[in-house]
Amino acid sequence: MTRTTRALQCSATLVAAGLLLTACGSSGGSGGSSGQNAQSTSFTGRGPITYVAGKDTTGTIQTIIDRWNKLHPKEKVTFIQLPTDADSQRQQMIQNAETKSDAYTVLSLDVVWTSEFAAHQWIDRLPDNAFPLQNMLKPVVETAKYRGGLYAVPGSSDGGLLYYRSDLLKKAGITSPPATWSEMTADCAKVKKLPEAKDMSCYAGQFQKYEGLTVNFSEAVNSAGGVVTDASGKPDVDTPQAKKGLDFLVDSFKDGTIPKEAITYQEEDGRQAFQSGKLVFLRNWPYVYALAQKSPIGGKFAVAPLPGLNGTGSSSLGGHNLALSSFAKNKATALDFMKFFSSEESASYFLKNASLAPPYTNLYDDASLDKQYPYLPVLKESILHAVPRPRVVQYGDVTSAIEKEAYAALSGSKSSSQALKDLQADLQKLTAQ
Ligand code: GLC
C-alpha cells in the first residue's frame with residue numbers, strides 16, 4: 001500500500017468514526033495525535049511530568065525513571081507512589097480526575113479500570129501506531145482498549161501462579177506439583193509430617209476485602225468451571241460450579257488449610273509469610289519470584305500453574321497499563337515517556353530485575369531468560385488463558401459487590417450459597433443500569 005492510499009484509508013476510517021484528528025499514521029511522537037469522541041487530543045507541551053503508580057515493591061521503577069531523567073533534563077519525571085492496594089490507588093486517581101487536577105500525568109492503570117476511565121474521559125485516547133502492539137500478547141493489548149479505541153499501553157502483565165516449597169515437597173517424596181486442590185491438600189498433609197514443616201500452614205492467597213479478593217474469588221470460581229459473568233457480560237455466578245469454587249476457599253479457612261490470619265492478607269503479607277517459611281503453597285503474582293529468590297527460601301521454591309477442582313485452574317488476568325490523564329500538561333513529553341517506559345528494553349529490564357511479566361511475546365521465548373526464570377512458559381500460558389474480570393464502566397461498584405459477598409462467605413458471616421445468591425442479585429442490578 002502506498003503512503004497516499006494508506007493516508008486516504010486512514011482519514012476515511014477516522015471520519016466515519018466521527019473522529020477529528022490532526023495527524024494520522026504519524027509515528028505518534030510529539031506531533032502524533034488521536035481523537036476521543038468528537039474532540040481532538042493534541043499531544044503538545046514539553047516539560048516536567050509525573051508518573052503515578054502504586055507503591056513500588058520491586059524497587060526498580062525509579063531506576064528506569066532516572067534513566068529517562070538523565071536523557072531529558074528539561075522533561076523530568078517525578079514518581080508519585082500511591083498505596084499498595086488497588087482500591088486506594090483507584091480512589092486517588094479518580095479524585096485527581098474529578099477535580100481536573102494536572103498533578104498526575106501518566107497513570108499506571110490496573111487493567112480492570114480501562115473502561116471506567118475511558119468512558120468518563122479521564123484518560124486520553126492514544127494513537128495506536130505509537131506503540132509496537134503487534135509484538136505484544138493479544139489478551140494483554142485487549143485490556144488497554146475501550147470500544148475498539150486504544151486508551152493505554154501495556155506496561156506489565158500479570159498472571160496468578162502457584163509458588164510452592166519444592167525442597168519440602170521433594171523431601172516428602174512428592175515428585176510434581178499439585179494440579180488440583182485436593183492434590184494440594186494431600187501434598188500438604190505429607191509435607192507437614194516432616195519435622196521442619198509441622199508448624200507450617202498449607203496455603204494462602206489474597207483474602208482481605210479489596211481487589212485482591214475479587215481476583216482470588218474469581219479464580220476459585222473459574223477454576224471450578226464457573227463464571228462470574230458469562231461471555232456476553234451477563235452475571236451468572238449463582239451456580240453449582242461457582243459454589244464449588246467458593247467452597248474450596250470457605251472450607252479451607254474452616255479446616256485450617258488456609259491460616260486464619262490470611263483473611264487480612266494482601267499480596268505483600270502472603271509474600272512475607274511464604275518467605276519466612278510459614279507457608280507450603282502461595283498464590284501470588286510473578287513479582288514475588290525475584291524477591292523470594294533473595295530471601296531465606298531462595299532456591300527452595302518453584303512455580304506451577306494454579307490448581308483447580310478437576311485439573312489445572314485458571315488465573316484472572318492482571319497487570320498495569322500506562323494511560324495519559326486528560327487533565328495533564330506536557331502531553332508531548334508524556335507520550336514519549338510512555339513509549340520509553342513501555343518499550344521492550346524497559347520490559348526486559350523489569351523482567352530481569354523484578355520478575356515482572358512482560359507484555360512482549362518474544363521475551364517469553366528467549367532461552368537465556370527462561371534459564372533465569374524457568375517459570376516463564378507457565379506464566380505465558382497463565383496469561384494467554386487468563387479470564388478477564390468484568391469489563392464494565394461501573395467496575396468500582398462491581399468489584400465492591402464481589403469483595404463484600406466473598407468476604408462475608410470467607411469470614412463465616414454468610415453461607416456460600418447465600419453469598420452467591422446475593423452477589424448475583426447485586427451484579428444484575430449493577431449491569432442493568
Ligand atoms: C495485581 C494485578 C492487578 C490486580 C491486583 C489485585 O497488581 O496486576 O491486576 O487488580 O494485583 O490486588
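Nothing fancy with the numbering, it's 1 onward along the sequence. Order of appearance sets the numbers: ligands from 1, and atoms from 1 within every ligand.
Taking a cutoff of 4.0 Å between a charged side-chain nitrogen and a carboxylate oxygen, Lys329 and Asp102 qualify as a salt bridge.
Protein residues with any heavy atom under 4.0 Å from ligand 1: Asp110, Asp158, Tyr210, Glu211, Gly212, Glu267, Trp285, Gly318, Gly319, His320, Arg389.
Aromatic rings of Trp68 and Phe337 (six-membered ring for Trp) have centroids within the 6.0 Å cut-off, being under it.
In terms of modelled atom types and a separation under 3.5 Å, the side chain of Asn222 and the main chain of Gly226 share a donor-acceptor contact. In this structure, the side chain of Tyr51 does not engage the main chain of Ile61 through any donor-acceptor pair within 3.5 Å.
For the pair Arg67 and Tyr349, the cation sits on the ring face: its NZ or CZ lies under 6.0 Å from the ring centre, inside 45° of the axis.
Put simply, the side chain of Leu133 reaches to within 4.5 Å of the side chain of Leu150, judged on heavy atoms.
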